[in-house]
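Sequence positions, counted from 1, serve as the residue numbers for this chain.
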Amino acid sequence: MLSTIADYTRLTKDMGKSLTQVATQPDVSRETDYFLSHIGNVKTIDDFLKDYRLYSYAMKAYGLSDMTYAKAFMRKVLTEGVADSKSFANKLTDTRYRQFAAAFNFAALGDKATQTAAATTGTATQYVTQTMEEKAGDQNEGLRLALYFTRKASTVTTAYQILADKALTQVVQAALGLPSTISSADIDAQAKLITDKIELTDFQDPAKVTKFVQRFAAMWDATQAQNDINNGNSTNPALVLIGGASSIAGMDTDMLSKLQSIRFGK
């Protein structure tokens with residue numbers, strides 16, 4: 001098994017090739033072909049929600065698979081659209097709903113909403129990307145998180161957006177050496193902790209995002225290796241990659257405490 005950062009580097013070195021490999025897999029290409037050949041026939045929100053195959057494809061594309069069942073909720077997202085700053089989607093902290101409502105903009109475009117590039121090829125590209133991340137996660141959950149963070153980082157402008165997204169929260173907590181139990185703390189306190197340690201504008205810089213992901217990957221692999229030690233699995237190859245059991249044990253106490261006290265990028 002390769003380290004998380006090695007897997008990440010391999011996939012992102014030629015992202016176009018990686019995405020093409022996923023897009024041409026039979027199950028993916030079959031669903032994409034169906035979506036692209038039928039979405040243009042959808043004229044209303046009701047039409048959209050009634051065709052489960054189209055609707056669930058679109059929901060997965062925007063990372064909302066776990067909300068596919070919530071049709072009343074999604075109907076409100078689509079009905080109110082994104083033009084009004086007080087619309088339902090715009091009031092939600094999770095930006096995925098705004099992205100979904102913007103892609104399928106029935107509120108502004110009516111029966112033409114499913115004919116835009118965002119609703120068709122844009123959604124298909126999103127679907128392939130989501131699928132690649134999910135398949136990566138089947139082998140290495142840390143890799144899925146790293147890919148997801150890389151894709152979403154530039155959209156983050158507030159700490160509350162991070163906290164509203166479980167995957168982003170997991171990456172940031174790991175990268176900063178923070179225990180997951182911190183999620184039970186007051187939300188405003190968590191947000192302040194994040195902004196004290198991270199300059200969020202750094203996430204507009206791809207080089208700084210890569211650096212942050214590398215930091216996350218190192219911490220992720222260290223934690224997984226430590227877990228293997230605790231579980232009595234001393235043959236995990238990850239131990240070799242990061243210097244063996246003794247160094248991990250030291251990192252668990254010394255390095256993590258240091259990471260918790262420093263500001264990223266400073």
Side-chain angles (χ1 to χ4, degrees), residues 14-136 147-148 150-157 161 164-165 167-168 204 206:
D14 188 343
M15 185 61 81
K17 180 180 179 181
S18 298
L19 290 171
T20 297
Q21 289 175 337
V22 173
T24 55
Q25 292 174 359
D27 57 332
V28 178
S29 63
R30 180 172 59 251
E31 292 306 309
T32 297
D33 288 345
Y34 179 85
F35 178 82
L36 291 176
S37 61
H38 290 80
I39 190 62
N41 298 327
V42 171
K43 303 301 181 184
T44 67
I45 295 173
D46 282 340
D47 290 342
F48 193 28
L49 297 178
K50 286 178 182 177
D51 190 325
Y52 182 81
R53 195 171 175 185
L54 289 177
Y55 168 61
S56 62
Y57 181 100
M59 291 291 281
K60 177 177 177 177
Y62 289 89
L64 296 170
S65 288
D66 60 341
M67 289 294 288
T68 302
Y69 74 93
K71 288 188 176 182
F73 183 96
M74 295 308 299
R75 182 189 298 278
K76 188 172 179 62
V77 167
L78 292 170
T79 299
E80 296 189 16
V82 292
D84 186 343
S85 62
K86 295 181 180 180
S87 71
F88 184 55
N90 282 327
K91 289 191 292 185
L92 296 171
T93 304
D94 192 332
T95 60
R96 291 177 298 177
Y97 296 104
R98 289 199 291 278
Q99 292 166 0
F100 190 87
F104 299 97
N105 201 348
F106 289 96
L109 302 177
D111 61 3
K112 302 294 192 299
T114 60
Q115 297 176 23
T116 66
T120 55
T121 55
T123 297
T125 298
Q126 291 270 93
Y127 181 89
V128 172
T129 302
Q130 284 284 344
T131 303
M132 181 185 73
E133 291 172 7
E134 289 181 7
K135 288 180 180 293
L147 291 169
Y148 179 79
T150 300
R151 177 165 59 86
K152 299 289 290 185
S154 65
T155 69
V156 173
T157 57
Q161 286 176 278
D165 188 313
L168 293 180
Q204 303 302 313

Within the distance-only criterion (no hydrogens, no angle test), does the side chain of [X] pair as donor or acceptor with the backbone N or O of [Y] below 3.5 angstrom?
X: Lys76; Y: Phe88; value: no
X: Gln161; Y: Thr95; value: no
X: Asn105; Y: Ala113; value: no
X: Asp47; Y: Lys43; value: yes
X: Thr120; Y: Gln115; value: no
X: Ser154; Y: Gln204; value: no
X: Gln130; Y: Gln126; value: no
X: Asn90; Y: Asp84; value: yes
X: Tyr55; Y: Thr68; value: yes

Atom [atom1] in [X], atom [atom2] in [Y]: separation rounded to 0.5 Å?
X: Glu134; Y: Ser65; atom1: CD; atom2: OG; value: 6.0 Å
X: Arg96; Y: Tyr62; atom1: CZ; atom2: OH; value: 13.0 Å
X: Phe104; Y: Thr116; atom1: CZ; atom2: OG1; value: 7.5 Å
X: Gln99; Y: Asp94; atom1: CD; atom2: CG; value: 8.5 Å
X: Asp51; Y: Asn41; atom1: CG; atom2: CG; value: 9.5 Å
X: Lys71; Y: Leu78; atom1: NZ; atom2: CG; value: 12.0 Å

Inset, instruction - May I ask you to check whether over 12 heavy atoms, not counting those of Tyr52, lie within 6.0 Å of atom OH? - result: no
Legend entry - side chain to side chain contact (heavy atoms under 4.5 Å, CB included) between Val42 and Leu54, worked out: CA-CA 9 Å; Val42 171; Leu54 289 177; 3.6 Å; yes
Legend entry - Side-chain ion pair, Lys86 and Glu80, N-O less than 4.0 Å: no
Inset, instruction - Please determine if Glu31 and Lys60 form a salt bridge, counting it only when a charged side-chain N lies under 4.0 Å from a carboxylate O. - result: no
Inset, instruction - For this output row, return yes or no: ring centroids of Phe35 and Tyr127 closer than 6.0 angstrom. - result: no
Minimum heavy-atom distance between [X] and [Y], given as atom pair plus value:
X: Ala103; Y: Ala119; result: O-CB, 3.4 Å
X: Val77; Y: Ala89; result: CG1-CB, 4.1 Å
X: Ser29; Y: Pro26; result: OG-O, 3.2 Å
X: Ala136; Y: Leu147; result: CB-CD1, 4.0 Å
X: Ala124; Y: Leu36; result: CB-CD2, 4.2 Å

Inset, instruction - Take Phe106 and Thr114, measure what side chain to side chain contact (heavy atoms under 4.5 Å, CB included) needs, and give me the verdict at the end. - result: CA-CA 8 Å; Phe106 289 96; Thr114 60; 3.8 Å; yes
Should [X] and [Y] count as side-chain neighbours, where that means a heavy-atom distance under 4.5 Å?
X: Arg151; Y: Met15; result: no
X: Thr44; Y: Asp111; result: no
X: Phe73; Y: Leu92; result: yes
X: Ile45; Y: Met74; result: no
X: Tyr97; Y: Leu64; result: yes

Inset, instruction - Dump the intermediate steps for side-chain hydrogen bond (donor to acceptor under 3.5 Å, both in side chains) on Tyr57 and Thr32, then the final yes or no. - result: CA-CA 8 Å; Tyr57 181 100; Thr32 297; 2.8 Å; yes
Inset, instruction - For a side chain to side chain contact (heavy atoms under 4.5 Å, CB included) with Lys17, tell me which candidate from Thr20, Leu19, Asp14 qualifies. - result: Asp14
